[in-house]
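Throughout, protein chains are lettered first and strands after them, A, B, ... in sequence-line order, and every chain is numbered starting at 1.
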Protein chains: 2
Amino acid sequence: MVSIDEVARAAGVSSATVSRALSGRGHVSPATRQKVLQVADELGYVVSSAASSLASGRTRNIGVMLPDLHRWFFSTVLTGISEELSRRGYDLTLYNVTDDAQVRQEIFSSFLRRRRVDGLIVVAMELDADEIDQLTGLGIPVLTLGGSNPRLPGRAIDDHGVAHLAVEHLLRLGHRRIGRIGAEASFNRDFHVPARRENGFRDALAEAGLSADRQLCVTADFTVEGGHRAAKSVLGRSTSAPTAVVAFSDEMAIGALLAARDLGLEVPGDVSVIGIDGHDLGPLFGLTTVDQHPLGQGGRAAREILELIEGTEALPTDDADADLPYDLVVRSSTSAPRIESVSAPH
Amino acid sequence: MVSIDEVARAAGVSSATVSRALSGRGHVSPATRQKVLQVADELGYVVSSAASSLASGRTRNIGVMLPDLHRWFFSTVLTGISEELSRRGYDLTLYNVTDDAQVRQEIFSSFLRRRRVDGLIVVAMELDADEIDQLTGLGIPVLTLGGSNPRLPGRAIDDHGVAHLAVEHLLRLGHRRIGRIGAEASFNRDFHVPARRENGFRDALAEAGLSADRQLCVTADFTVEGGHRAAKSVLGRSTSAPTAVVAFSDEMAIGALLAARDLGLEVPGDVSVIGIDGHDLGPLFGLTTVDQHPLGQGGRAAREILELIEGTEALPTDDADADLPYDLVVRSSTSAPRIESVSAPH
DNA sequence: CTTCATACTGGAAGCGCTTGCAGTGAGATG
DNA sequence: CATCTCACTGCAAGCGCTTCCAGTATGAAG
């Protein structure tokens, strides 16, 4: 492995100058820089991250903490983060927090404290007070994504608004009996997300003079299987089945679509289904959804954490509280309910 | 941030002894070790990875390179690796290689050369000679998974055998017109995998005195959507449609299942479908598959790379060439073909 | 021509650990 | 009792960079 001294010797300068030429910090004459760059390239010199980190305190590495690689949303956000970071020359260290409490504990008390990262992006995790203390005690920028926490800066979509929009869409189509596939509170994941969506769901109904029918509201675990199971119980009702269902994730919505088929129900004829996320498979299933652009969220989070780290100027705080964008994408899984359901004659 | 010297002072020993007590290298009396451990814990001391790496040459960090986080197989393997590594106190740096040739080039020529990792696991990637040179030039253990390469040690399933087993299953059920959803060669991914499965497919047919019908063999991109599209073209044939289809991934098989439904075909009545992988959603779809246990593959790869790095004994080479295990899992997507197809009267 | 500011460069002091080496003391051996 | 062995410990030299500081040269300003 070639060291900075070899480059310095070959270029006829000091190692200090090589360091400055390569990092862009400090003054180096154009000619010298040119020469150093060329020599470094010829020799295949790449700075040792350990030595550089130790001397400078910078690691050029970002940590990403998330609760479950298997959910589409997380792997998509991670992809977005990863692409942006590699474009900017940063490495990515993954902290995949499992349901094992001891592993989780270990991540907070040991892994993160090795000073391996310059910044941390925490995706959709519910953190307790101790954990937040540990994160703030790290002395590095921490950004949350999709799980807002008053003590930590971060971005999230307006979960209330997202659910509200989904329900609104169904109401506008004329639905009045609307089911809901929500989510259970989970040890690892942010339980505020389902709670806020729940409120959006209820408020939208309330504004239309309706109230949520407890029997049409079930919970699942954000997965296709969970959504399938939950939908079966709601849609399989012999009496007063809903004419539409809103699922709090696209994966659950897809599960609901499959459940409807299994039950011999036509979508959207017998029942409309709307999800939240913007899943890749949405087009294939014709799924109407509220797209929250997870890939873009990841890229944006990456850009913002780098801004926090490298930013010469102060953070654009005016922009800092802006909610992330989301859009209703109408496909073929929603339509007006069959005429007999629209208004019950009295 | 507390340093090793502070721990040393508080414990009344030298920093050398603290280092030895915490790392377990060298001799430390039980009493001293006890004391150091206790003090370190009280002070919340965690070793600085940069300083430790620079001094020792070890990083306690493993790199994982894979071509696409979105495919179920990769995120599952990654989960398996991640769990095992965190259990062993290792960090994980992710190299998510995109289709962008420049990004890929950059990963090989810069990112990997920062000496940030003690070992590298390369999952299902096709590497050219230059890239392999660059990997071997890293001076660290490199392990491939699911994309065997003669110049790099690694594990893979017997792809020929896997496809052979899938076809065998269909043949045993009495199928004779068997379609195939294979995969296109891709810039990033290992194109030997589809090629070997193709051979397994053909050989199994040949052993039954059959040959592959070109018109029933299509390719896709390993995704649900791709499988859906491909299956539509094969199953939608007005004449001589296959009675069974083998897909080279479960995601494509699921796509095929959906396509069959869209076409009004019953599975397995009108057409049997079998996949390869062991996808989480297999049970939900009743998908018959050849399970290759990706989670276990990840864990095993992690264990092996650590063995390569820390291993006191030589690698158990007798075991080194063993293929990874796989199993036929029969569910409800395969059955005997309808009687009229079994043997055409002449 | 002198004075100053400024661009550029090199020397050298760390960054916070690990580990080779040497020293100490205690138990084992003859 | 002398000698040896060996577990234990501390000292100090790095690991390969970054960056402060000081020194030189150059051009501008007075």
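One finds no salt bridge joining A:Arg9 and A:Glu6 here, because no Lys/Arg side-chain nitrogen approaches an Asp/Glu carboxylate oxygen to under 4.0 Å. Ion pairing of A:Asp133 with A:Arg151 is present here, as a side-chain N (NZ or NE/NH1/NH2) and a carboxylate O approach within less than 4.0 Å. A salt bridge between A:Arg88 and A:Glu83 is absent, with no side-chain N of the basic residue lying under 4.0 Å from a carboxylate O of the acidic one. With respect to the salt-bridge test (charged N to carboxylate O, under 4.0 angstrom), the residues B:Glu307 and B:Arg303 do not qualify.
No cation-pi contact links A:Arg104 to A:Phe108, judged by a cut-off of 6.0 Å to the six-membered ring centre and 45° from its axis.
Side-chain N/O atoms of B:Ser19 include none lying less than 4.0 angstrom from OP1 or OP2 on C:dC17. Residue A:Ser56 places no side-chain N or O under 4.0 Å from the OP1 or OP2 atom of D:dT18. A sub-4.0 Å separation between OP1 or OP2 of C:dG11 and a side-chain N or O of A:Ser14 is absent.
Side chain to side chain, B:Ser29 and B:Thr32 meet the donor-acceptor criterion of an N or O pair below 3.5 Å.
DNA chain D is contacted by B:His27, B:Val28, B:Ser29, B:Pro30, B:Thr32 of residues 26-35 of chain B, taking any non-hydrogen atom closer than 4.0 Å.
A:Met1 has its CE atom 13 Å from the C1' atom of D:dG16, to the nearest Å.
Base engagement by B:Arg20 is indicated by at least one non-hydrogen atom pair under 4.0 Å involving a base atom. Using a 4.0 Å heavy-atom distance criterion, A:Arg58 is classed as a sugar-phosphate-only contact.
Along DNA chain C, the nucleotide closest to B:Arg25 and the one closest to B:Leu54 are compared, and the more 5′ of them pairs with B:Leu54.
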